[in-house]
Amino acid sequence: MPFPRASQALSRFTVLDLTRVRSGPTCVRQLADWGANVVKIDALLEDGGGEQPGGPRGGSDFQNLHRNKRAMTLNLKDPKGLDVFKRLAEQADVVVENFRPDVKAKLGIDYESIRKINPRIVYGSISGFGQDGPYHKRPGFDQIAQGMGGLMSVTGAPGGGPMRVGIPVADLTAGLFCAIGILTALLERDVSGEGQWVQTSLLQAQIFMLDFQAARWLMEKEVAKQAGNNHPTSIPTGVFKTSDGYINIATTGGRIWERCAQAIGAPELITDPDYTTAPARSKNRDALNARIGALTEKKSTETWVQELNAAGVPCGPIYSIDQMFEDAQVKHLGMAQHVPNDENRQIQLVSQPVTLSRTPSRMAARPPEFGEQTEELLAEFGFGKDEIAELRQRKVV
C-alpha cells in the first residue's frame, strides 16, 4: 500500500528527519503536513537499543509532533550506518537536524559532507545559539532562549520579576522559521540547481519575535518594560473582571475607545481630560482600567462579549484549553482533527493553522512506531533484500 500523503503540495520532496525533542520536529511537521515524503531516522545504538528523547512515543506530545511521517532505525555511529545514510541523502531533497553543532561533524553527517554527495541537498539546522560563535557549543533550551532573548523581561506583571511565556515559543518559532528557510531554499534551487545550508537558532528566533520592542531599542534606545495584561501602546487594552470570570477588551484608536466608553455605559469618560487623548489614557492607565473594571464586573462575560461586539469593540472571553476547543468558531475551523489508523485508536491532534484551496493539509497517517517502516523505506531507496537482511544482522538498522 502506498503511504498516504497529507497533501499534494510538497509531495515531490523527500525529507530525512534527524530531529529530536521539539524545535526540529516542529520544522519537519510543517513539511510532513504538506505532503513531503518524510523519513524519520530513529537513532539505534550499538547495543540495538533506541533513543527516545522528547517524551514517550505514545504520548500526546510525540504524537502531535510526528504525524504524517514514516520511520526507520539506523545506527549512525556505525560506519555502515553512515554509508546507509549517505545513500539515502543522495536521493533526498532535504535533511533536517537539531544536534549541537559539533555532534554532526563527529558523526560525518554535517552539511559539507552531505553536499559532496548531493549538491542539490537543502540542509536545515536548528541549534540553541548558532552554528558558530562563542556560545555555539552550549546546549540550548527554550526557557534559556526566552531569558537571553529578552522575552522574559517584558512578560509578567510590572515589578513581579521575569516570567516565562506559557508555551515553548523559542522552540516553536525556531522550527517554523527553519521550515520557511527550507521552503525558500527549495524555491531558489529551482533557479540555481543547487542546494544550501539553512541555519537558525532558538536565540535568533526569540530575538526576532520581540519585533516592535526590539525595533524600539534599536531605533529609539527605549527599553521595553513588563506591562502585564496591558497592551504597551493601545490603551485601554487588557483583561477586565466580569461577574463570572474575565474578558479581554482591545481599543485601538480614538473611535474604538469612544465606542467602548459608550458600550460600557460610561460616555462621560470620552470628554474627561484624563482620557480624551491617547497620551492621556497612557498616563492615567491604572485609573482608567479601574473605572472600566468597576463597570465590567456588573455583567457576565458572555453578555459583555455580545454587547461589545455589537458595538464594534474588539473583545473576547479568556478560555481554558478545554473551553477553547468547545468554541463554535474553533470547531468550525477544524483545529482538532482525528487521525486515521488501522488500530482504531483514538488519536486527535492539532491541525495546521493554514488552509490551501486546492491542496489542503490533512491528518493522513498516525505517527510511526519505532523503526516501523525500516524495510519498506530501504527498499524504496534501492536496497536489496539481502542487503537489508545483512544490515539487520549487523544491528545497523
Side-chain angles (χ1 to χ4, degrees), residues 1-11 13-22 24-45 47-75 84 88 96 172 175 321-322 324-326 330-355 359-381 383 385 388-389 391-392 395-397:
M1 291 288 291
F3 184 70
R5 298 297 181 92
S7 173
Q8 289 302 307
L10 300 180
S11 61
F13 297 115
T14 294
V15 178
L16 302 183
D17 178 8
L18 292 169
T19 67
R20 304 176 298 165
V21 192
R22 185 173 310 280
T26 296
C27 169
V28 180
R29 177 174 60 189
Q30 289 303 107
L31 308 178
D33 279 2
W34 294 106
N37 175 29
V38 173
V39 179
K40 175 173 166 47
I41 307 293
D42 286 328
L44 194 65
L45 304 180
D47 61 3
E51 293 180 297
Q52 296 279 344
R57 203 174 191 97
S60 57
D61 194 22
F62 186 98
Q63 296 284 297
N64 198 45
L65 284 167
H66 295 286
R67 73 275 187 107
N68 295 324
K69 303 177 183 180
R70 290 182 291 175
M72 61 171 287
T73 53
L74 187 61
N75 183 359
V84 170
L88 302 179
V96 188
L172 295 173
I321 293 173
D322 57 334
M324 175 270 292
F325 277 114
E326 289 300 313
V330 174
K331 288 184 174 181
H332 171 77
L333 293 171
M335 288 306 297
Q337 290 190 15
H338 289 280
V339 183
N341 60 91
D342 294 337
E343 302 86 359
N344 293 319
R345 290 161 53 192
Q346 269 297 105
I347 305 176
Q348 192 175 30
L349 302 174
V350 184
S351 71
Q352 278 289 321
V354 177
T355 60
T359 57
S361 176
R362 66 189 179 98
M363 297 293 179
R366 62 161 174 75
E369 299 299 332
F370 185 76
E372 182 175 353
Q373 292 93 3
T374 298
E375 282 84 359
E376 173 185 322
L377 286 163
L378 287 173
E380 288 180 14
F381 277 87
F383 288 79
K385 290 183 178 180
I388 296 172
L391 292 171
R392 280 285 192 198
K395 296 183 178 180
V396 173
V397 300

[X] vs [Y] side-chain heavy atoms within contact, under 4.5 Å:
X      : Y      : value
Leu378 : Glu375 : no
Gln63  : Val339 : no
Thr14  : Leu88  : no

Got a donor-acceptor contact below 3.5 angstrom from the [X] side chain to the [Y] backbone?
X      : Y      : value
Gln373 : Ala71  : yes
Asn37  : Phe13  : no
Ser351 : Gly334 : yes
Arg29  : Asn64  : yes
Asn68  : Ala364 : yes
Ser361 : Ser7   : no

Val28 and side chain to side chain contact (heavy atoms under 4.5 Å, CB included): which partner among Leu16, Thr19, Leu18?
Thr19

Could you give me the CA-CA distance, side-chain angles and deciding distance for His66 and Arg57, then say whether side-chain contact (heavy atoms from CB on, under 4.5 Å) is met?
CA-CA 9 Å; His66 295 286; Arg57 203 174 191 97; over 6 Å; no

Start with the C-alpha distance between Met324 and Met335, add both sets of side-chain angles, then the distance that settles side-chain contact (heavy atoms from CB on, under 4.5 Å), and finish with yes or no.
CA-CA 10 Å; Met324 175 270 292; Met335 288 306 297; over 6 Å; no

Among Arg70, Lys40, Lys69, find the one that has a side-chain hydrogen bond (donor to acceptor under 3.5 Å, both in side chains) with Asp17.
Lys69

Closest heavy-atom pair and its distance - Leu65, Arg22:
CD1-NH1, 4.1 Å

Between Lys395 and Asn75, the two heavy atoms sitting closest are O-CB, 4.1 Å

